[in-house]
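Written below as structure tokens is the structure these notes are about.
Labels below follow one simple rule: chain letters A, B, ... track the order of the sequence lines, proteins then strands, and each chain is numbered from 1.
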There are 2 protein chains.
Amino acid sequence: MNTFERILDTALELFNRSGSEAVSTNHIAEAMGISPGNLYYHVHNKDEIIRAIFERLFTAWDTWLSLPEGVVPTVDDLAGLVRVNFEILWQFRFVYRELNALIQHDPQLKSRFIQVRQRGFAGFRQLFDGFAQAGILRPGSDPQEVQRLAEMCWMISEFWLPTLEISGQEINPAHLQHGVELMLFLLQPYRVDG
Amino acid sequence: MNTFERILDTALELFNRSGSEAVSTNHIAEAMGISPGNLYYHVHNKDEIIRAIFERLFTAWDTWLSLPEGVVPTVDDLAGLVRVNFEILWQFRFVYRELNALIQHDPQLKSRFIQVRQRGFAGFRQLFDGFAQAGILRPGSDPQEVQRLAEMCWMISEFWLPTLEISGQEINPAHLQHGVELMLFLLQPYRVDG
DNA sequence: GTCTATATAATGATAGAC
DNA sequence: GTCTATCATTATATAGAC
């Protein structure tokens with residue numbers, strides 16, 4: 001693996017462990033066993049490292065939401081999808097721990113994040129259109145219903161890990177499952193099958 | 001006002017504007033027009049400033065949830081309560097922007113936050129028991145129903161502002177109202193009155 | 001209580017030899 | 001590509017005069 005990718009690997013590990021603010025470029029270099037000067041040959045600055053790690057997350061999200069064409073998704077698929085996102089966000093856990101601060105500090109990162117997240121939600125949202133068309137969700141009188149269900153599920157998908165952390169709860173399969181169940185619970189009144 | 005409180009006022013303003021990491025004790029002293037040495041006469045260190053500001057938030061929350069005795073709350077009261085929490089969290093907006101990072105960095109702050117938040121949720125949760133007893137929520141077959149509704153509403157109450165920020169949406173009354181409406185939407189299927 | 005002056009350490013980043 | 005050496009800057013924090 002090339003040095004640039006190794007820098008990202010190491011930085012991600014340290015950021016997840018100690019937070020990106022507490023981890024200096026010197027720490028990263030030391031953890032890799034290279035000199036600080038060498039690190040700066042491969043990256044311009046610390047912000048670039050953070051942005052590159054974010055791009056890795058974005059790639060993971062792209063794969064996450066690239067669903068097979070023409071297949072009608074079920075609510076179980078949705079639950080599985082959210083579980084996968086929990087895994088992704090655990091892998092990049094420093095991101096949502098510091099997200100609002102990070103994008104406030106770096107306008108370039110902010111616009112990029114907002115753009116990618118927006119696209120991600122659009123894809124996620126499509127699942128719910130699929131549910132409605134497949135008759136999995138009952139036809140509602142309120143046209144905003146599907147939109148709102150998607151927004152709530154998305155919120156759980158994004159903020160369940162941070163919620164567990166500020167509750168003092170361990171991030172383990174049982175506690176993650178609680179988030180999935182919360183999501184299924186809020187879909188319950190609108191489901192035809194369940 | 002005494003100097004300690006003025007330090008907290010100034011620090012809160014700067015933290016909200018630039019993030020607590022970017023603001024040094026020197027910045028705070030300068031913004032107040034006192035010397036760095038003088039600031040350290042009044043506080044031991046920066047962590048103490050952050051903890052003291054958190055205590056202010058906790059006090060605001062205490063007042064927030066101290067409801068008049070024996071009065072049966074309505075769903076409108078709940079909506080109003082959540083709006084007030086949005087105002088509180090706006091006043092202390094650096095807190096939820098950095099919350100997971102801050103409590104990871106300061107174990108003392110972490111245990112205190114978890115404790116206060118737990119108590120806060122218990123009070124919030126009581127509202128929902130009140131709803132159930134008053135017949136505002138339909139009697140559900142699932143005993144966990146009330147708990148889950150409270151958890152979802154609490155999540156909106158906590159994370160709606162961060163959600164707006166990472167969506168690139170301005171924090172204004174209309175966008176805040178959207179959060180309230182999301183909450184009312186998820187209560188809808190369980191309401192008897194609506 | 002408030003100031004000036006300062007100690008100490010760490011940060012991000014660069015220059016130039018190899 | 002990698003190193004050593006180093007810089008300028010900033011951060012937290014303290015000592016001691018007033």
Side-chain angles (χ1 to χ4, degrees), chain A residues 1-55 94-95 97-99 101-110 112, chain B residues 1-55 94-95 97-98 101-110:
Chain A
M1 196 184 339
N2 67 46
T3 308
F4 182 72
E5 297 298 330
R6 289 212 304 125
I7 290 173
L8 301 191
D9 287 347
T10 311
L12 176 57
E13 192 182 324
L14 295 181
F15 290 172
N16 280 341
R17 191 186 307 154
S18 312
S20 71
E21 281 291 345
V23 174
S24 71
T25 50
N26 285 8
H27 291 140
I28 299 168
E30 193 188 15
M32 294 172 68
I34 69 172
S35 68
N38 189 8
L39 183 141
Y40 274 94
Y41 175 81
H42 294 279
V43 298
H44 291 101
N45 50 48
K46 193 177 162 183
D47 282 352
E48 185 180 290
I49 298 176
I50 293 176
R51 279 190 224 110
I53 295 179
F54 266 70
E55 289 302 324
F94 87 96
V95 168
R97 280 183 189 144
E98 311 175 25
L99 183 54
L102 288 171
I103 66 178
Q104 195 191 7
H105 167 262
D106 182 346
Q108 184 180 338
L109 183 65
K110 175 170 183 170
R112 176 82 177 125
Chain B
M1 199 184 336
N2 68 46
T3 308
F4 182 73
E5 297 299 328
R6 289 212 306 124
I7 290 173
L8 301 191
D9 286 346
T10 310
L12 175 57
E13 193 182 323
L14 296 181
F15 290 172
N16 280 341
R17 191 186 307 155
S18 313
S20 72
E21 281 292 345
V23 174
S24 70
T25 49
N26 284 8
H27 290 140
I28 299 167
E30 193 187 16
M32 295 172 66
I34 68 171
S35 69
N38 189 8
L39 184 142
Y40 274 94
Y41 174 80
H42 294 278
V43 298
H44 291 100
N45 51 48
K46 192 176 160 183
D47 282 352
E48 184 180 292
I49 298 175
I50 293 176
R51 277 190 224 111
I53 294 179
F54 266 69
E55 290 301 325
F94 87 96
V95 168
R97 281 183 188 143
E98 312 175 25
L102 287 172
I103 66 179
Q104 193 189 8
H105 166 262
D106 182 346
Q108 183 182 338
L109 183 65
K110 176 171 183 169

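Residues from residues 4-14 of chain A placing a heavy atom under 4.0 Å of any atom in DNA chain C do not occur. Contacts with DNA chain C (heavy atom under 4.0 Å) in residues 22-29 of chain A: Ser24(A), Thr25(A), His27(A), listed by number. Of the residues in residues 39-52 of chain B, those placing a heavy atom less than 4.0 Å from an atom of DNA chain D are Tyr40(B), Asn45(B), Lys46(B), in numerical order.
Residue pairs meeting the salt bridge (charged side-chain N to carboxylate O under 4.0 Å, His left out) criterion with at least one member in residues 14-33 of chain B, sequence neighbours excluded, are Glu13(B)-Arg17(B).
Asn26(A) meets the side chain to side chain donor-acceptor pair (under 3.5 Å) test with no other residue; sequence neighbours excluded. Under the side chain to side chain donor-acceptor pair (under 3.5 Å) criterion, Asp47(A) pairs with no residue, sequence neighbours left out. Shown here are the side-chain contact (heavy atoms from CB on, under 4.5 Å) partners of Ala11(B), two or more places apart in sequence or in another chain: Phe15(B), Ile28(B), Ile49(B), Ile53(B). The side-chain contact (heavy atoms from CB on, under 4.5 Å) test applied to Thr25(A) returns Leu39(A), Tyr40(A), Lys46(A), not counting sequence neighbours. With sequence neighbours left out, Ser35(A) forms a side-chain contact (heavy atoms from CB on, under 4.5 Å) with Asn38(A). The side chain to side chain donor-acceptor pair (under 3.5 Å) check on Thr3(A) picks up nothing, with sequence neighbours excluded. Among residues two or more places apart in sequence or in another chain, the side chain to side chain donor-acceptor pair (under 3.5 Å) test is passed with Ser18(A) by none.
Judged by distance alone, the side chain of Arg97(A) and the main-chain N or O of Asn16(A) form a donor-acceptor pair under 3.5 Å. With hydrogens and angles disregarded, no donor-acceptor distance shorter than 3.5 Å links the side chain of Glu98(A) to the backbone of Glu98(B).
Here the side chains of Asn2(B) and His42(B) are not in contact, with every heavy-atom distance at 4.5 Å or above. Here the side chains of Leu102(A) and Phe54(A) are in contact, with some heavy-atom distance below 4.5 Å.
The outermost nucleotides of DNA chain D lying under 4.0 Å from heavy atoms of chain B, listed 5' to 3', are dA11(D) to dT14(D).
If you find the closest nucleotide of DNA chain C to Asn38(A) and to Glu21(A), the one lying nearer the 5' end belongs to Glu21(A).
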